[in-house]
Amino acid sequence: MIFTYLLAILAPSCCGLDALWIKLAGSDTDFGFDVNSGSFMNPFNSLLRDVIHDWQPPFACDVDRLHFTPRIQRLNELEAQTRVKLNFLDQIAKFWELQGCTLKIPHVERKILDLYQLNRLVAEEGGFDLVCRERRWTKIAMTMGFAPGKAVGSHLRAHYERVLYPYHLFHSGTNLPVSLTYRLNASDQYCVRSEGGEGCENRPNLRRRMGSFVAKPEPGKHLTFASNLTSLRSLVDLYVCLMCGTGNDEDRLLLCDGCDDSYHTFCLIPPLSDVPKGDWRCPKCLAQECSKPQEAFGFEQACRDYSLKSFGEMADSFKSDYFNMPVHMVPTELVEKEFWRLVGTIEEDVTVEYGADIASKEFGSGFPIKGGKFKVAPHDEKYLQCGWNLNNMAMMTPSVLTHVTADICGMTLPWLYVGMCFSSFCWHIEDHWSYSINYLHWGEPKTWYGAPGFAAEQLEAVMKKLAPELFESQPDLLHQLVTIMNPNTLMAHGVPIYRTNQCAGEFIITFPRAYHSGFNQGFNFAEAVNFCTVDWMPLGRQCVEHYRLLNRYCVFSHDEMVCNMAMKADRLDVVLASAVQKDMRLMIKEERELRDKVRKMVRERKQNLSNLYDERQCVKCRTTCYLSALTCPCRPGVQVCLHHGHDLCSCPVSNYTLNYRFTLDDLYPMMNAVRQRAESYDEWAARVTEVLEAKLNKKHVTVFRALLEESNEKSFPENDLLRQLRLVTQDAEKCSSVAQQLLKGKRQTRYRTGGGNSPNQLTVEEMRSFVRQLYNLPCSLTQAPLLKELLNSIEDFQQHSEKLLSDEVSADSVSEIESLLEEGSQFDVFLPELPLLRERLEQTRWLAGVQQAEDPVSNPCGLSLDCMRRLIDRGVGLTPHPSTERTMARLQELLTISEEMEEKAQALLKARPPESLEKLSSMLTQVDGVPAYLPNCLLLQDTVNRAKDWLQEAEDLQAGGQTPVLRSLSDMVLRAHAIPVRLEPLDQLEVLVSEVQAWKESAAKTFLIKNSPFTLLEVLCPRWEVGSSLKKKMRKVKGEGVSSGKKKLVKLDSMSDVERALSDSKDSASAMFTLAEVRLKEQESLCSLRAANESKLLPTADCAALKVCVCQKPPMGAMLQCELCRDAFHSVCVRGPSDPLDPEAWLCPLCLRSTKPSLAKIQTLLSSLQRIRVRLPVGDALRYMIERTGSWQRRARGVIDSYDHSLTSQDCRGASTTQSHRTTGHKRKVRHYITDCLSLELEELMVEGLLLQVSVPETQQLYRHLLSEAITSAEKKAKRRMNREETEIRDRGIKPKSKKQRMGTEKRRERKEASVSASDVSQSEDSEEDMTQCPAEKCLQPEGEEVYWVQCDCCNRWFHMICVGVSAELAAEEDYMCVTCSTTNAGRRK
């Protein structure tokens, strides 16, 4: 069962409940109270045992049948002080109305003048005359809140004199005639007394609340006063002024409209200036009218009957219209503020209606009841018997009200309350000072104000003091529930007031004699009922005595209730029996004393008083006469209690009869029965008290358990003593368990992993308290001495720890701290030294880490920045200590200096333009004293060292006298760029390198072909890579050269090796030697390549396997042959000669490596390079090429000259041999040898000239000589072949039939010439024998005079027609292709 708020206004301090408000939040498992050590729980332990979870009872009221007539509440009439002001204004208005004038309340400073306050202040200052005499009007004005200095005092005096002073004179009796003052006063007194005697007497009612009863005067009460006036009128002349006794100035005589008496206007006090226009009453009539008692204040009933729905619509409409916003959006604070403003003002009149005191018996309760018309769902049946159901609470078995025989509506039966905004319930206490409980079923909140029970008399006194006029007319005003007073006013006079808001679904409980009031925030529905618990019994008897003093009736008879309980003593709860026995003792004692007092004077008669009279109230004090009463025969139906025997009638006391229900002998056995019922409990309670209060001979805990078992067996009630016994027993058992755990070192919850503490651990102080608690327990425990020894060990540990913690932090105390921590962890006690020791351990470990990091042996490099940061980060988390703080400061300073140095070093290294070497060196001098590992500073040191080395190298280079190599210069420039230091020689070197680069670009433009794949060095150097397929042979030749030479050669397997060798050479001679070695490789590899290419072009059977040209395909179609590498190329794959008729050597794309500029242009390049004075591999290669070209030119001119001379002599000899063909064979052989030697040398020179990347005229001359030699040789061969064939034909007698069969001499010559320049077969291999062999696979070797031949148009080989199956006609008409070529072409097409 969940309660958001449960408010309680507590009982007086005599009940042991001295607090006021209690807000109780229910839980899902239990319902508990916690006020002043459980005192609040006493009344409800047995009354409200059951708890329902998720408390949501259904609303069971019959809404359709619920019709009620609400009460009308005028808000400004509710507040006591405001009502006093309104009553005063009514009296003033009535006074002036009877004077024939209409009262108009004056305004001062634009505010309505508070006449009541003005009248009260003047009275307090001594009256009108004294205030005028001492000029106190300014003081009164300031007291009323007016600003001084505006003549407000004179205005107040004028208003008082005009409006209030006549009324004051009237009340003082000054305006009455002197002769009649005494009579009038006498008659008035009699009249008032008559009013007070019978007129105010009302019929008793069981329940008068909320001003529901209003006393009305009965007619015909003033007959005595009227008769006196008649006699007075006979004595005085009607036309004579009763004040002066003369009849002069008849025009100034006034006739009273009530009694026709005459008065001069100037004789009246105060005198009238004019004759009143309306009805006028003389002073006597005025006194008579104003002396009539006022009707008792009460609430009027509304004229309309409401249903719940119609009332709710009216209430919501009123609130929304008043605040001009939806009802659910109006804040409770705003409603509260507006309520108290309206209550305290007399200028605004707001009226609301309140449906209060609606009987639930007629329309049904909001809670479901058993047997009611509301059908309860099965899941809601639990609410039928629930103790929190207000229909069950008042009459539950533990409740005292169950012994009241009558059903009291509103007390034992719930009342319903339907509220609207501003409807209020005024200050009151419950009947018989009982408890009350209010449940708000639904709707908007109620705002409650309450005062504690002990402040009830104080609250009554304050209200009587602030509004005495109300209590003079209604002494029991606070019992009428019609008066309210602002809580702030009460608190200002020392009354403790508390407030709370009750929301829907919440209970409010008020305690005995606790005044409470409040108002509704809006439309809501509440239900309330009273109940009484055992603790209320003495308060109930006090309330009866209080009612007797106030002459207030009792709702039920307290004595009857006690007697009913005593008659059922055997079934009473023992606690209730004890309370009943105490109450009966007081009741019997008082009854015996009263009977003893009247017994000697009256007659005694025992009878049932309930059968004697219907009304059992005392005619004097209105208390219920249950045990006894006095009656007199003169007043049948009237009785008095024994306290007011003299107020029965005027008959002698001896005529009275003492009527009683029980004799004293009847009452004592009833009390004894109750006492016997309570004695068993009292004896048990005595033994419990004895063991609980034992100081020396303490009992064992088993004795306490036995007493608890006895209470359970005998069903003793739940009270403070039993709870204390149970609590002590539980505490003893818990202490025993905890002590056992502490001794065994066990924990219920212990954090071993994190080194933390269990939330259930005791502190040392708590353990000391626990040990003291063990010795202070009412029982003894065997673990107490053992726990004391454990406490001593813990204290020794604390002393050792405190000594260690007080010493200076040292890195050597790590082991000692760890041992202490291990010892402390064995105690199952929270030790504050443990976290301090852990902190000290962290500090010592940190100091040890710092020492280790600074140790030059373990860390020779020194402290790095990261290490310092890690140590500082670890140190930041440490607990501050002077040792660690000093170390931290030192580390922080070192880190700051180091970071500053690092930043400076980094800035110097990244400076653009770079800083000078001197500035960097000066920075290094600052770093020398910093004991840390600084990477940037080390890099700066390395940079300075490299800069110095570079400068030294540059100085050595300039002072060496040798021409520097480009590679070393470039390397120095690159290294200088990598050094972030400003180097003075760098600019000169960069200029020199840029000049060299510009020269290389010029040389590349001079030599390199557009989009050439070769580099400049590859073009200028000898072709070392020629014949790469013959690497094994080249290695062999190289090995032989190294072993036979005097100087060891460098490995030259690639262009990078050649370039490296040239760059590493110390002088030009070494470079020339290296290039000479490359030239030897070039010659050897080129000879091998030419031989291989020429050998693969020999006629073979399988031409398809032959791979030529850049496309690596077999020969076909027109072919071109490179004059340098002798490889064949398809004319469609490569670019042929620009002019086929021009006799110029054709080179393939692999051999044509440059543009071959002229020698003069190259020499100009070399001269410009020599002016730069830098040696580079390209320059050495260019120089070598120029020297090689010059050497070749000299050899070529010599050979050309020798060849020209040989041809001249041959021509001369040819002329003589033409005439005579009989030259000797020896001379012919010598001539042929010389010609062959010249041809070989020409070819070698031609090859070497073609390798040169220079254009010289000797190359063209050599090529023409070689071409003419080849043509001459071919013609000779063709002529010999033709001669042989003609001889054979002539011998056989066969003639050639076809051009294709035998070619003419000219045709063969033409084809021979073409074959010399562009044939794929080497003519040097041709012979006479080759022309007579048929290359067919199965040659038939035909014989005879005529053998016909046919030539293949693809491979140019000659075949016998008969061997290849070709007729003469076919050979003459169509082209012929041999079988080998046809197969090759067919495979290529596939």
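All values below were derived from every heavy atom in this structure, side-chain atoms included, with hydrogens, water molecules and symmetry-related copies excluded.
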Indicate yes or no for a side-chain donor-acceptor contact from [X] to the backbone of [Y] under 3.5 Å, with no hydrogens or angles considered.
X	Y	result
Asn1093	Cys1125	yes
Ser1168	Leu1165	yes
Glu1077	Thr1074	no
Arg1090	Ser1085	no
Trp1192	Leu1245	yes
Gln1253	Leu1251	yes
Lys1156	Val1256	no
Ser1088	Glu1084	yes

Would you kindly say whether Gln1121 and Arg1126 are connected by a side-chain donor-acceptor distance under 3.5 Å?
yes

Partners passing side-chain contact (heavy atoms from CB on, under 4.5 Å) against Leu992 (at least two apart in sequence or in another chain)
Leu969, Glu995, Ile1172, Val1174

Residues at least two apart in sequence or cross-chain that pass side-chain contact (heavy atoms from CB on, under 4.5 Å) with Leu1166, listed by chain then number, are Gln1170, Leu1182, Arg1183, Ile1186

Side-chain touch Arg1188/Pro1022, heavy atoms, less than 4.5 angstrom:
yes

Find out whether His1130 and Lys1113 are in side-chain contact, i.e. whether some heavy atom of one side chain is under 4.5 Å from a heavy atom of the other.
yes

To the nearest 0.5 Å, atom CG of Leu1016 lies from atom CZ of Arg1153 at 11.5 Å

Name the atoms and distances for all side-chain donor-acceptor pairs under 3.5 Å in residues 1001-1008, with sequence neighbours left out.
{"from": "Thr1006", "atom 1": "OG1", "to": "Ser1002", "atom 2": "O", "distance (Å)": "2.7"}

Is Arg1194 salt-bridged to Glu1187, cutoff N-O under 4.0 Å?
no

